[in-house]
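First the structure, in the form of structure tokens, and then the observations on it.
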Amino acid sequence: MFDHEKDLIRQEFDRFTAEHNLENAPLNWRDLPFSGEWGLAIPFFPIAAADNKRVEPVALHAQNLGRAFVAAVSNIPGISRVEAIKGYVNLYFSTSHLAKQVVETVRSQGSDFGRLPLSGKATMVEYSNPNTHKPLHVGHLRNMILGGATCNLLEASGKPVVRANYIGDIGLHVIKWLCNYETYHQGEQPPEDKMRWMSDIYTEADRRFASEPGFEEKVRAYFARWDAHDPDLLALWEQTRAWSMEGMMQVYDLMGYRFDRIYFESEVEDSGKAMVAELLKSGLAVDGRPENPVIINLDEILGTKEEYRVVVILRSDGSSLYATKEIPLAIMKFEEFDLDESIYVIDVRQSLHMKQIAKVLELMGYPWATRIHHLAYEIVNLPGNVTMSSRDGTVVLLDDLVREATERALAVVSEKNPDLDPQTMQEVARTVAMGAIKYPMISRENTKVVTFDWKTALDFEGQSAPYIQYATVRAKSILRKANWIKIQSPEYDYPLSTPEVNLIEKISKLPEEIQRAAKEMKPSLLAVYAYELARNFNDFYNQCHVLGEAEKVQNARLALVDAARIALEDVLVILGIKAPQVM
RNA sequence: GCCCCUGUAGCUCAAUGGAUAGAGUAAUAGACUUCGAAUCUAUCGGUUGCGCGUUCGAGUCGCGCCGGGGGCACCA
């Protein structure tokens with residue numbers, strides 16, 4: 001944002017270091033740590049440490065060099081004051097000039113503020129990855145929100161993104177479902193809420209499989225029919241899979257996620273087996289059948305020890321595994337799209353497997369294998385670090401969570417804002433509930449376990465999405481009330497208060513925050529930023545009146561409110577959280 | 001045994017190697033005749049698990065311990 005000012009300062013700095021024979025001294029930028037003060041700071045410690053002529057301690061030398069630098073700088077446009085203190089050189093912005101620049105930039109760019117235009121080759125992000133015929137729970141939610149936000153984030157940073165979803169449409173869970181359906185639900189048609197219906201039948205099948213005598217044998221018989229490509233069973237599978245996909249898409253619509261390319265596990269099963277044959281021919285894989293599976297002994301091939309281990313690519317009975325299908329899928333991705341990078345949003349427990357897959361592809365000679373990246377995230381646990389288990393019935397279903405949160409939000413909305421019409425109230429409740437559910441999933445670092453508890457999930461106060469949404473609603477409320485006033489080009493040459501300065505400073509940071517979060521692939525950085533921005537806005541709101549102030553101040557603050565609103569909405573869009581008009 | 005992640009306030013979490021480690025929550029006391037109180041203010045709360053090292057400077061980097069979680073041949 002302040003490249004121009006930085007360039008001018010850099011020129012002064014280069015001149016100074018040349019004079020003092022310190023050409024290689026590093027120039028590092030920091031923010032001023034003082035609230036209500038806006039500008040840049042340069043730590044002089046590394047410069048002092050690099051000075052081999054120094055005879056005094058580094059801290060003292062840094063202070064003295066800083067003082068000399070301050071004395072040497074000429075007037076820099078945009079900088080009102082320069083001082084050396086405790087080894088830092090602090091450069092204070094002339095707020096009237098730069099505040100105007102920030103606010104006008106934001107308002108003219110609108111929803112593009114902070115974004116770079118798309119360029120270069122695409123990145124594929126595979127996320128969500130649910131199974132058909134099965135319920136979605138909060139663990140899936142973390143994947144969805146993290147994956148979705150990562151896509152938005154990369155796009156905002158200027159990278160074209162292909163959103164991919166790899167769906168488990170075959171396997172034991174599907175056979176169990178089909179068996180239960182034909183045995184106990186023959187001919188039933190799904191109601192409006194397909195997801196719920198499919199889930200219920202699955203849960204029932206799972207229960208029968210575990211406890212109902214004879215059911216397991218029945219499922220095994222279904223497996224035999226499946227392997228024999230029984231046309232009736234295949235037809236039923238196709239039909240029920242379609243239902244499941246419809247239900248899935250309803251959920252994605254509700255949650256606000258979309259995909260450019262959907263891969264099915266069934267699509268890559270045959271090519272996976274063909275791939276195994278090739279791997280055997282090339283000598284990479286070792287065939288242990290009939291007693292043992294087909295493996296690739298990566299440690300042996302690479303000469304490593306207990307690092308890559310052994311990857312099993314085909315069962316001893318010839319049936320396929322995760323790895324069997326993952327290999328052709330990766331190839332398909334790079335053949336179909338000209339990808340720069342292929343990102344997999346998968347939980348951390350699959351780290352070794354991902355590492356193995358990438359290594360196998362590298363050994364197969366695919367040059368892009370090194371551009372596969374596993375975006376690992378930790379699982380969602382219950383309080384007390386208890387892992388959710390469907391067997392124990394402790395899994396929190398997405399469906400239940402959404403329903404509970406929406407009800408709770410509706411109760412709050414109808415209390416806070418009873419005059420809203422029922423339909424708006426419903427929409428607001430849903431928007432707030434969605435935000436509240438998503439925020440805790442994304443505000444923690446990817447590598448940290450999220451502890452799910454109902455109290456936090458249903459809490460709409462404090463560090464939460466509703467807090468951020470509320471800030472946008474307040475901003476929009478002011479702008480709505482001022483609707484009849486046209487905002488003129490703002491002038492910030494009156495004495496700005498601390499909250500105003502802090503707010504403008506925070507807004508100006510959005511572009512670099514987006515770049516940093518994208519580079520590190522950590523949407524959580526933006527989630528934290530969004531909260532801080534909202535807090536700065538609420539600070540401003542509480543301490544600075546807008547409407548009814550002197551015309552110039554009112555105009556300037558209206559423009560600032562508008563800029564804050566834009567920045568808040570921009571960052572919420574990236575996080576995958578909607579902002580209501582009222583709440 | 002080998003590998004990965006993790007340890008910060010009672011609890012949940014922040015903090016591009018940089019100035020006095022910050023929020024939320026809980027507890028207590030306050031602020032609605034005032035652009036929306038889903039908000040705000042104040043108080044309370046810390047040997048950043050322990051030790052050694054690198055560095056002008058370490059919550060952050062390295063090594064070693066300790067505690068927690070996870071992975072390591074036919075689940076995904």
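So that the names make sense, note that chain A is the first sequence line, chain B the second, and so on, each numbered from 1. Since the model is a prediction, treat every value here as computed from it, not as a measurement.
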Could you check whether [X] gets within reach of a base, just the sugar-phosphate, or nothing at all, counting any heavy atom under 4.0 Å?
{"X": "A/Y467", "result": "sugar-phosphate"}
{"X": "A/A48", "result": "nothing"}
{"X": "A/Q63", "result": "nothing"}
{"X": "A/P440", "result": "nothing"}
{"X": "A/N381", "result": "nothing"}
{"X": "A/V473", "result": "base"}
{"X": "A/E512", "result": "nothing"}
{"X": "A/V294", "result": "nothing"}
{"X": "A/V546", "result": "base"}
{"X": "A/L352", "result": "sugar-phosphate"}
{"X": "A/K481", "result": "sugar-phosphate"}
{"X": "A/S477", "result": "base"}
{"X": "A/A41", "result": "base"}

For [X] and [N], give me the distance from atom [atom1] to atom [atom2], rounded to whole Å.
{"X": "A/N28", "N": "B/rG57", "atom1": "CG", "atom2": "C1'", "value": "13 Å"}
{"X": "A/L479", "N": "B/rG36", "atom1": "CG", "atom2": "P", "value": "11 Å"}
{"X": "A/M425", "N": "B/rA38", "atom1": "CE", "atom2": "C1'", "value": "15 Å"}
{"X": "A/Y541", "N": "B/rC32", "atom1": "OH", "atom2": "P", "value": "15 Å"}
{"X": "A/L298", "N": "B/rC72", "atom1": "CG", "atom2": "C1'", "value": "13 Å"}
{"X": "A/K448", "N": "B/rG59", "atom1": "NZ", "atom2": "C1'", "value": "11 Å"}
{"X": "A/E532", "N": "B/rA14", "atom1": "CD", "atom2": "P", "value": "12 Å"}
{"X": "A/L533", "N": "B/rA14", "atom1": "CG", "atom2": "C1'", "value": "16 Å"}

Hey, does the side chain of [X] come within less than 4.0 Å of [N]'s phosphate (OP1/OP2), counting only N and O?
{"X": "A/R474", "N": "B/rA37", "value": "yes"}
{"X": "A/Y308", "N": "B/rC4", "value": "no"}
{"X": "A/K355", "N": "B/rG71", "value": "no"}
{"X": "A/T447", "N": "B/rU6", "value": "yes"}
{"X": "A/R315", "N": "B/rC75", "value": "yes"}

Inspect the surroundings of NZ in A/K53 and state if more than 12 heavy atoms from other residues, nucleotides or ligands are less than 6.0 Å away. yes
Does A/D317, at its CG atom, have more than 12 non-hydrogen atoms belonging to other residues, nucleotides or ligands within less than 6.0 Å? yes
Considering only side-chain heavy atoms of A/P33, which listed nucleotide, B/rU39, B/rC74, B/rA19, is closest? B/rA19
For the side chain of A/N542, counting heavy atoms from C-beta on, which of B/rC35, B/rC40, B/rA38 is nearest?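 Among the listed nucleotides, the one closest to the side chain of A/N542 is B/rC40.
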I'd like to check, for [X], whether its ring lies over the base of [N] with centroids under 5.5 Å apart and a plane angle smaller than 30°.
{"X": "A/H545", "N": "B/rU34", "result": "no"}
{"X": "A/Y470", "N": "B/rG36", "result": "no"}
{"X": "A/Y531", "N": "B/rA23", "result": "no"}

Considering Watson-Crick and G-U wobble pairs with both distances under 3.5 Å, what does [N] pair with?
{"N": "B/rC61", "value": "B/rG53"}
{"N": "B/rA38", "value": "none"}
{"N": "B/rU47", "value": "none"}
{"N": "B/rU25", "value": "B/rG10"}
{"N": "B/rU20", "value": "none"}

Give me the ring orientation class for A/H137 and A/H140: parallel if the planes are under 30° apart, tilted from 30 to 60°, perpendicular past 60°. tilted
Which whole number of Å gives the distance between the C1' atom of B/rG22 and that of B/rG45?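 Roughly 13 Å separates the two C1' atoms.
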In whole Å, measure the gap between the C1' atoms of B/rU8 and B/rG24 for me.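 After rounding to an integer number of Å, I get 15 Å for this pair.
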Answer yes or no for A/R408 and A/F460: cation-pi contact, defined as NZ/CZ to six-membered ring centre under 6.0 Å and angle to ring axis within 45°.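 Here A/R408 passes the 6.0 Å and 45° test against A/F460.
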Is it the case that A/K476 places NZ or CZ above or below the six-membered ring of A/Y470, under 6.0 angstrom from the centre and within 45 degrees of the axis? no
Check: A/H133 main-chain N/O paired with A/S244 side-chain donor or acceptor under 3.5 Å: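 Judged by distance alone, yes, a pair lies under 3.5 Å.
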[X] (side chain) and [N] (base): donor-acceptor pair under 3.5 Å:
{"X": "A/N90", "N": "B/rA19", "answer": "yes"}
{"X": "A/S351", "N": "B/rC4", "answer": "no"}
{"X": "A/R309", "N": "B/rC2", "answer": "yes"}

More 5' along RNA chain B: A/Y166 or A/V312, using each one's nearest nucleotide?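 Mapping each residue to its closest nucleotide by heavy atoms, the 5'-most match is A/V312.
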Name the residue closer to the 5' end of RNA chain B, choosing between A/N131 and A/V428 according to the nucleotide with the nearest heavy atom.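 Result: A/V428.
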When the aromatic ring centroids of A/W38 and A/F2 are compared, is their separation below 6.0 Å? yes
Can you confirm whether the side chains of A/Y467 and A/N538 place a donor and an acceptor under 3.5 Å from each other? yes
Polar side chain donor-acceptor pair, A/S497 to A/E500, under 3.5 angstrom: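 There is such a pair between these side chains.
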